[in-house]
Number of protein chains: 2
Amino acid sequence: MATEQQHPDYDVFAAFCPSRNVFAELADKWSLLLLLSLHKLGEQRFSELQRSVVGVSRKMLTQTLRGLERDGLVRRTVHPETPPRVVYDLLPLGHSLAERVVPIAHWVEENSDSVLEARTEFDAAHGAACA
Amino acid sequence: MATEQQHPDYDVFAAFCPSRNVFAELADKWSLLLLLSLHKLGEQRFSELQRSVVGVSRKMLTQTLRGLERDGLVRRTVHPETPPRVVYDLLPLGHSLAERVVPIAHWVEENSDSVLEARTEFDAAHGAACA
DNA sequence: GAGACTTGGTCTATATTGGAGACCAGGCCG
DNA sequence: CGGCCTGGTCTCCAATATAGACCAAGTCTC
């Protein structure tokens, strides 16, 4: 079947394709959540991000932010004050991706009930079949 | 700050919120890729999926499909023929999510070049700073 | 001037996860 | 009877995530 991709040659389904690599790095809980938070709340410092994306460890926060920075989605600005102040914000490329992630977050918030219900049903049918 | 979520009380940023749990499970490479593949190509059997989503191991394929099935996004149909034939396809809920994932795949395919370029630049600036 | 406290991390130890590949059940073919 | 097919599962090992201690620089307290 015809692929509908815009960019010739690039295909996230192909393991060897550079775009798969990019996809794999971004298709991760913390990356998407950080993108969403920076998009929604604007620039934030390290500790603010840790508070807005509840549950992220400092290590993952550092690591994920570095990845996003490396990918040209996020800008890291160090203000050499004291105590140190490091601010992160989205570059245009980051915003353009974040815009596409927002609908997913909304979908999840709207449909979590259905999902949870399906899970309960599934677990009842499978897990508790013959305890 | 006002959250723009449609569903009262649900917020993917809150670690304890059920929607975060749902988000975390779906915001993963294989789940998204499977959703995309089933959306684009329609129903497929186990081995077809393994071929269309290149690089996925049988273990992860099984595990991810089970998760999606449990969440009410995917339907698993066993045809008790010989050799066995197991077909997976998207339920309406799955399609509605997949539709929102498609733009991300397109973004990645369109913008991978920029990302790759940013990476090269970043690595040149940081990695090779003072070898 | 000694401690304690701040921010933005890093490092270590442990638990969880992912991937590679062996193995398995059931039915057909030869 | 042995081997092949599918759609898994199981085991082992490597990689990754998480928790939490630790650190540097400077400022504030006492």
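Chain identifiers are assigned alphabetically (A, B, ...) following the order of the sequence lines, protein sequences preceding nucleic acid strands; residue numbering begins at 1 within each chain. Every heavy atom of this structure was used, including side-chain atoms; hydrogens, water molecules and symmetry mates were not.
Counting only heavy atoms from C-beta on, A:T62 has its side chain closest to C:dG9 among C:dG9, D:dG7, D:dG8. Comparing D:dT9, C:dT6, C:dT12 by their nearest atom to the side chain of A:P83 picks out C:dT6. Side chain of A:M60, nearest nucleotide from C:dG8, D:dA17, C:dG18: D:dA17. Taking the side chain of A:T82 as heavy atoms from C-beta on, and the options D:dG7, D:dG26, C:dT10, the nearest nucleotide is D:dG26.
Distance, B:H79 NE2 to D:dT6 P: 16 Å, rounded to whole Å. Distance, B:L49 CG to D:dT6 P: 14 Å, rounded to whole Å. A:K29 places its NZ atom 14 Å from the P atom of C:dT16, with the value rounded to the nearest Å. As a whole-Å value, the separation of A:L61 CG from C:dG9 C1' is 10 Å. D:dG7 atom P lies 8 Å from atom CD of B:E48, rounded to whole Å. Computed from coordinates, the B:D28 CG to C:dG18 C1' distance equals 11 Å when rounded to whole Å. For the pair A:R51 CZ and C:dT7 C1', the interatomic distance rounds to 11 Å; values are reported in whole Å. Distance CZ (A:R66) to C1' (D:dA17): 18 Å, rounded to an integer number of Å.
Without hydrogens or angle criteria, A:E48 side chain to A:R45 main chain gives a donor-acceptor distance under 3.5 Å.
Applying the 4.0 Å criterion to OP1 and OP2 of D:dC22, one finds that A:R58 has every side-chain N and O outside that range. Residue B:R45 places at least one side-chain N or O closer than 4.0 Å to OP1 or OP2 of D:dG7. Note on B:W30: a side-chain N or O is less than 4.0 Å away from OP1 or OP2 of C:dG19. At D:dG8, one or more side-chain N or O atoms of B:R76 fall inside 4.0 Å of OP1 or OP2 (strictly under the cut-off).
Each of A:K59 and A:P84 lies near DNA chain C, and the nucleotide nearest A:P84 is the one positioned closer to the 5' end.
Of the charged side-chain nitrogens involved, at least one lies within less than 4.0 Å of a carboxylate oxygen, so that B:D71 and A:R119 count as a salt-bridged pair.
Neither side chain, A:S31 nor A:T64, offers a donor N or O lying under 3.5 Å from an acceptor on the other.
In this structure, A:L36 and B:F23 have side chains that are in contact, with non-hydrogen atoms separated by less than 4.5 Å.
Of all heavy-atom pairs spanning A:V115 and B:V22, the tightest one is CG1-CG2, 4.0 Å.
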